[in-house]
Amino acid sequence: MDPVSKSEFRIAVLPGDGIGKEVIGASLHLLEALRSKIPNIKLALIHLDAGAALYRRTGTALAEETLATIEGCDAVFLGAMGLPDVRLPDGRELAPQLDIRFHFNLYAGIRPIRAIPGAPTPLADPRAKDIDFVIIRESTEGLFADLAGGIVIDNEQARDTLIITREVSTKLFKTSFDLTARRKQRGRPGRLTCIDKANVLRSMAFFRSIFDECARDYSEIDAGHEYVDAAALNLVRRPWEYDVVVTENMYGDILSDLGAALIGGMGMAPSADLGDRMAVFQPSHGSAPDIVGQGKANPVATFLSMAMMLEWLGERNGRSAYLDASRAIYEAVDNAFRTKTLCPVEMGGSDGTQAITDAVVRAL
Ligand code: ATP
């Protein structure tokens, strides 16, 4: 059915493992409050189980029927998956969230890094309050494309292959330029930086050449490049100067954790994994087994991921109620922090999942 003619959207909800269940629970509570404020948002929530804990119980982390159910949904709202003590025979952790990414070709991982006014940041420079950039991480190839294909040769040598294709890179860069242009319309600088290692790796020189080809179609965007090592330095030294960066899968994995640290921690960083016909919205963090069950998990990243989902549904389907709902979440989070009295445990404060959820619901 054409999504525009739908009276409601089907959302697959996968809390997954560890604190995934805690932050999704908090977000569904916020969603209830939002629905009473904006009744026009109609979401049918389909609750599904997947993850390392499910694998431990049943031997399967992501069942075929679960994938089939997701196929019939409009979007996925996910917590976190993977547990360090549940591993495959070759030693790797289970990562069904990556299987979902590959299955639906979710090539564009969008990771906004925005300092929330009033929230503590580890940087002393007052300009840290102006941090507002987006990391776009290619999410289906790069060094992660070889997820199941890496080899150990005669116990003496191991190899993983970094794959870049013209097809996926072109779509990734187009998404990146379009997003940069949309941000420019909202007053941002309109600057897109390709982060690579084109001075050393053939694959990265190829990646950069495709970026340059795409840039020719976007003369209004200030397109540039930076090597990944320099980017790691500059993202700490002057992160407020970045607007949008686009990068390979593994570099994006690492730089997004760095970005999350700049704005207070993993619990502040939302994400969206976008493909041509499906999208997964989840906090950038993992299952955080070190704090599970202690009420310490910061749910803000998951709240903001839900806001991204509502915005995506609203924009794709021309539904203003969903855009209003998305904005209401951003404003509630900002207002909850603006008083400077809220300080999550991960930032050295004492506010846990419940206190933060209550403050955001109140601000709504
Ligand atoms: P993955 O590789 O699956 O993304 P990870 O190994 O990067 O996971 P995380 O689970 O993201 O690890 O945890 C990294 C650190 O951040 C841990 O110390 C964890 O407690 C902390 N952390 C992660 N998410 C949150 C959160 N929502 N609130 C508070 N602390 C968090």
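Read the numbers this way: they start at 1 and go in the same order the structure lists the ligands and their atoms.
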Check your understanding: Between K174 and D178, is the closest basic N to carboxylate O distance under 4.0 Å?
Key -> yes
Side-chain donor-acceptor pairs under 3.5 Å in residues 113-122, sequence neighbours left out?
unit_1, atom_1, unit_2, atom_2, d
R114, NH1, D334, OD2, 3.2
R114, NH2, D334, OD1, 3.0
T121, OG1, L123, N, 3.1
T121, OG1, L262, O, 3.1

Review point. Mind checking what makes side-chain contact (heavy atoms from CB on, under 4.5 Å) contact with D217, not counting sequence neighbours?
Key: none
Check your understanding: Are side-chain heavy atoms of V246 and V244 found at a separation under 4.5 Å?
Key -> no
Point to revise | Close-range residues for ligand 1, whose non-hydrogen atoms fall below the 4.0 Å threshold | key: I19, D257, M266, G267, H285, G286, S287, A288, D290, I291, A297, N298, E346
Practice item. Using a strict cut-off of less than 4.0 Å between a Lys/Arg side-chain nitrogen and an Asp/Glu carboxylate oxygen, indicate whether K197 and D229 qualify as a salt bridge. Key: yes
Using distance only, find each side-chain donor-acceptor pair of residues 345-356 under 3.5 Å and give its atom names and separation, not counting sequence neighbours.
unit_1, atom_1, unit_2, atom_2, d
E346, OE1, M266, N, 3.1
E346, OE1, G267, N, 3.2
E346, OE2, G267, N, 3.0
E346, OE2, N298, ND2, 2.9
D351, OD2, C343, N, 2.7
T353, OG1, G295, O, 3.4
T353, OG1, A297, N, 3.4
T353, OG1, A297, O, 2.7
Q354, NE2, D358, OD1, 3.1

